[in-house]
Amino acid sequence: MAKALTDSVAVLSGVGPKTVAALATLDINTVNDLLFYFPFRYEDLQTRPLAELADQEKAVFKGKVVSNAVVSFFGPHKNRLNVRLLIDGVVVIVTFFNQAWLKDKFKLEEEVAIYGKWNEQRKSVVGMKIISQSTDNALDPIYSVNKQVRQKKLVELIQTAFKNYGALLGNVLPDDIRQHFRLLSDHDLVQQMHFPKTLTESNAARRTAIFREFFLFEAKIQQLRVNNSEAEDGLQLSYDLPALKEFIATLPFALTTAQKRVVNEICADLKSTHHMNRLLQGDVGSGKTIVAAIAMFAAVTAGYQAALMVPTEILAEQHYQKLVKLFAPMKVSVTLLTGSMKSKPRQNALMAIETGRANIIIGTHALIQDAITFHKLGFIVIDEQHRFGVNQRRALREKGLNPDILAMTATPIPRTLAITTYGEMDISTIDELPAGRRPIETSWLKINQASQALAITRNQMDHGDQAFVIAPLISESDSVNLKNAEDLAEQLANYFAPKYQVALLHGQMTAEEKAEKMAAFNRNEIQVLVATTVVEVGVDVPNANIMIIYNADRFGLATLHQLRGRVGRGDRQAYCFLIADPQNEVAVKRMEIMTETNDGFKLAEADLKLRGQGDIFGDKQSGLPDFQMGDPVSDNNILVAAHQVARELFLADPQLVQEQNQGLKNYLRQLQATETFD
């Protein structure tokens, strides 16, 4: 049987079922996976004179063994091996910890090479490993491994795979792109990444690896765009324009220029026969919900149902209350569906959805349950879309008639990440806040200054304001010394008594309990709501104008900005107090940036620079790609080039029929067999 790079790693010598399972923990399943599992750094195996080494610097030491190796034991399962080497005319003591088995490797009067750390004061070395002097490579690759796969075993398997399969490595990148950017062939790339002879070789290989990784990701995105644009089975929602204008005229405020622009972009998509796949991004408070409401109403006038899926029941209830009022003049039926609904209301909602009596349906992930059947679902809005998984979004789509999709996010995406994260979507941006909205005054106070924030809060509440107080923990923790919501609620209840009411809200409460607390806060029966970040997204209480965040340095800029956006929704001045004693420069910088700007896009760019692309949302549900080699921040120029080249290639050859694109076409075809893209 002919060999192929898609062969399972099980075909390699010495790889049994246990090793196959172990490699799978590193996402290594095929020979190709193994060959393209690159080291993340190299250790320099070139020897240097002792006089050139700095204290604690790691290096390779070559010398003659001038004493027998001696092993001594101390403590349970601990040992120390000492041996003397003559290096550069100096006798140096070399110590290995817990590697007693190396004793037989040291023979008197023989040359040996070890890798270790130099101690300038003691003129000694802490050894790490013995280096084979027969190696041709001056650099030792270091791989990301785990307890199931050891470094030495991985290196052996890569050597075996390259020896037996290296000749099969074709070129996935088209030749003209490789030549234009002076990139290595796939064969040379793999060889020089794993077995570099010089630092120059490894740097050239790494540059190619980064471009290749970015380009292949962008190619997947561009293929999705091609498939979406060529799909003529998209719904054509011929909405009633006079009715739409009438609805907009009933709104209690005028749309901003940015909102009007975005509404026009969305309506053009609705009327098109192409399937709509659009992202609406805008800062907190920029008016995304009203844009979504206009689009949903347009779908209803075209004879279809519209659904709005949100991540929490609090947010679903809030949207429901707001949209019922907005659509009342237009006689549009709005239905709520959440997981905690009682049996009778739930059955009524299900029947209204199935029969078509419900025009607009608002809900959580409950919308994708098997029991729900839509009458004629033609338009879907997904709020805070990065909080839903790929399968959840797809499940809702499949409930409809290939419905148009509008995803919304209040977490601004820097252009760098918009390229990588939403490259297959059209992007609409609301970059303007409603008229009259005042910037929130943000102050950073040390923990021992928190009383100042409370005094200002009491004064503002005397004038009718309400306040959020945020803590990072629900209850007291033995492991970290942070404020917790339970203790804060008790302390603040005493502080503000008897004039003002304080309540507690956190994620471990039932949906009914949370809804009751939020409703009471909305009615101003509660003046201070102490909570965790459960209130981060979407909660809208116009009378709340004070936000106090304890241990603010424990949150990223995106979360801090979302929390701050919960206040200042009315026409009164709002205040945000960051209570923190940051312990490092990055946390200090976050506090400073928060006090300098209310612009979410500027904050997103700053967060990207401070934390890197992998952590900008603070969780793995962000949908950001997890690159092995490239970093969209530090390698931004390569990313932009790869994006541009991939886009141009698919514009010129959307079906990849040209000869030079066959390697890429085969790669994408194989990828489709193993991966699913949203």
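A quick note: this is a predicted structure, and the numbers were derived from the prediction, not measured.
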**Asked** Could you walk me through whether Val190 and Tyr165 pass the side-chain contact (heavy atoms from CB on, under 4.5 Å) check?
**Response** CA-CA 11 Å; Val190 170; Tyr165 284 83; over 6 Å; no
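- With hydrogens and angles disregarded, a donor-acceptor distance shorter than 3.5 Å links the side chain of Glu213 to the backbone of Gly630.
- The backbone N or O of Leu656 lies less than 3.5 Å from no partner atom in the side chain of Asn661, so there is not a single donor-acceptor pair.
- Of the possible polar contacts, one joining the Asn584 side chain to the Ala587 backbone as a donor-acceptor pair under 3.5 Å is found.
- Of all non-hydrogen atoms in Gln222 and Phe650, the two that sit nearest each other are CB-CD1, 3.5 Å.
- Of all the heavy atoms in Pro403 and Leu377, the pair that sits closest is CB-O, 3.9 Å.
- In this structure, a donor-acceptor pair under 3.5 Å is present between the side chains of Ser340 and Glu313.
- The backbone N or O of Leu184 lies less than 3.5 Å from no partner atom in the side chain of Asp188, so there is not a single donor-acceptor pair.
- Using a 4.5 Å heavy-atom threshold, the side chains of Tyr667 and Asn32 count as separate.
- A heavy-atom distance below 4.5 Å is not found between the side chains of Gln191 and Leu169.
- In this structure, the separation between CZ on Arg278 and CD1 on Ile405 is 13.5 Å, given to the nearest 0.5 Å.
- For His187, the ring-ring contact (aromatic ring centres under 6.0 Å, His included) partners are Phe162, not counting sequence neighbours.
- Listed for the Thr25 side chain is no donor-acceptor partner under 3.5 Å among the backbone atoms of Ala21.
- Side-chain contact between Leu53 and Phe61 is present, with at least one heavy-atom pair separated by less than 4.5 Å.
- Atom CZ of residue Phe181 and atom CZ of residue Phe215 lie 9.5 Å apart, to the nearest 0.5 angstrom.
- For the atom pair Thr364 OG1 and Met309 CE, the distance stands at 9.0 Å (nearest 0.5 Å).
- Between Thr30 and Val9 the shortest heavy-atom distance is O-CG1, 3.4 Å.
- Side chain of Arg590 to main chain of Phe555: a donor-acceptor pair is present (N/O by atom type, distance under 3.5 Å, no hydrogens or angles).
- The aromatic rings of Phe217 and Phe627 lie perpendicular to each other, with more than 60° between the two planes, well past the 30° mark.
- In this structure a side-chain-to-backbone donor-acceptor pair under 3.5 Å is missing from Tyr37 to Asp27.
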Report task. Please step through side-chain contact (heavy atoms from CB on, under 4.5 Å) for the pair Phe36 and Gln628, ending with a clear verdict. Result -> CA-CA 10 Å; Phe36 284 91; Gln628 181 196 2; 5.7 Å; no
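- Residues passing the salt bridge (Lys or Arg N to Asp or Glu O under 4.0 Å) test with Lys58, sequence neighbours excluded: none.
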| message | Apply side-chain contact (heavy atoms from CB on, under 4.5 Å) to residues Gln56 and Asn119 and explain how you reach the verdict. | response | CA-CA 6 Å; Gln56 302 303 309; Asn119 187 311; 4.0 Å; yes
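- Looking only at side-chain heavy atoms (C-beta outward), Ile380 and Leu406 stay at 4.5 Å or farther from each other.
- The side-chain heavy atoms of Lys152 and Glu156, taken from C-beta on, include a pair separated by under 4.5 Å.
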Quiz item: So Arg207 and Leu183, side-chain contact (heavy atoms from CB on, under 4.5 Å) or not? Walk me through it.
Solution: CA-CA 8 Å; Arg207 177 176 170 272; Leu183 304 173; 3.7 Å; yes
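- A distance of 7.0 Å separates CG of Leu23 from CG of Leu154, quoted to the nearest 0.5 Å.
- Ile158 places a side-chain heavy atom less than 4.5 Å from the side chain of Leu34.
- When every heavy atom of Val60 is checked against every heavy atom of Ala113, the shortest pair comes out as CG1-CB, 4.4 Å.
- Counting only residues at least two apart or in different chains, side-chain hydrogen bond (donor to acceptor under 3.5 Å, both in side chains) contacts with residues 172-184 comprise Asp175-Arg178, Asp176-Gln660.
- Between Met193 and Ser202, the shortest heavy-atom contact is SD-O, 4.4 Å.
- Looking only at side-chain heavy atoms (C-beta outward), Tyr143 and Val149 stay at 4.5 Å or farther from each other.
- For Glu57, the salt bridge (Lys or Arg N to Asp or Glu O under 4.0 Å) test picks out Arg48, with sequence neighbours left out.
- Using modelled atom types, one finds no donor on one side chain facing an acceptor on the other under 3.5 Å when comparing Arg206 with Asn203.
- Here the CZ-CG distance, from Phe211 to Asp635, works out to 12.5 Å after rounding to the nearest 0.5 Å.
- Heavy-atom neighbours of Glu659 CD from other residues, nucleotides or ligands within 6.0 Å: at or below the threshold of 12.
- Every salt bridge (Lys or Arg N to Asp or Glu O under 4.0 Å) that Arg212 has, sequence neighbours left out, goes to Asp186.
- A heavy-atom distance below 4.5 Å is found between the side chains of Leu157 and Thr19.
- Taking CG of Asp653 as the reference point, atom CD of Gln658 lies at 4.0 Å (rounded to 0.5 Å).
- Counting all heavy atoms, side chain and backbone alike, Pro174 lies closest to Leu649 at CG-CD1, 3.8 Å.
- Every pair tested for side-chain hydrogen bond (donor to acceptor under 3.5 Å, both in side chains) that includes a residue from residues 96-105 fails, sequence neighbours excluded, so the list is empty.
- The aromatic rings of Phe38 and His194 sit tilted, their planes meeting at an angle between 30° and 60°.
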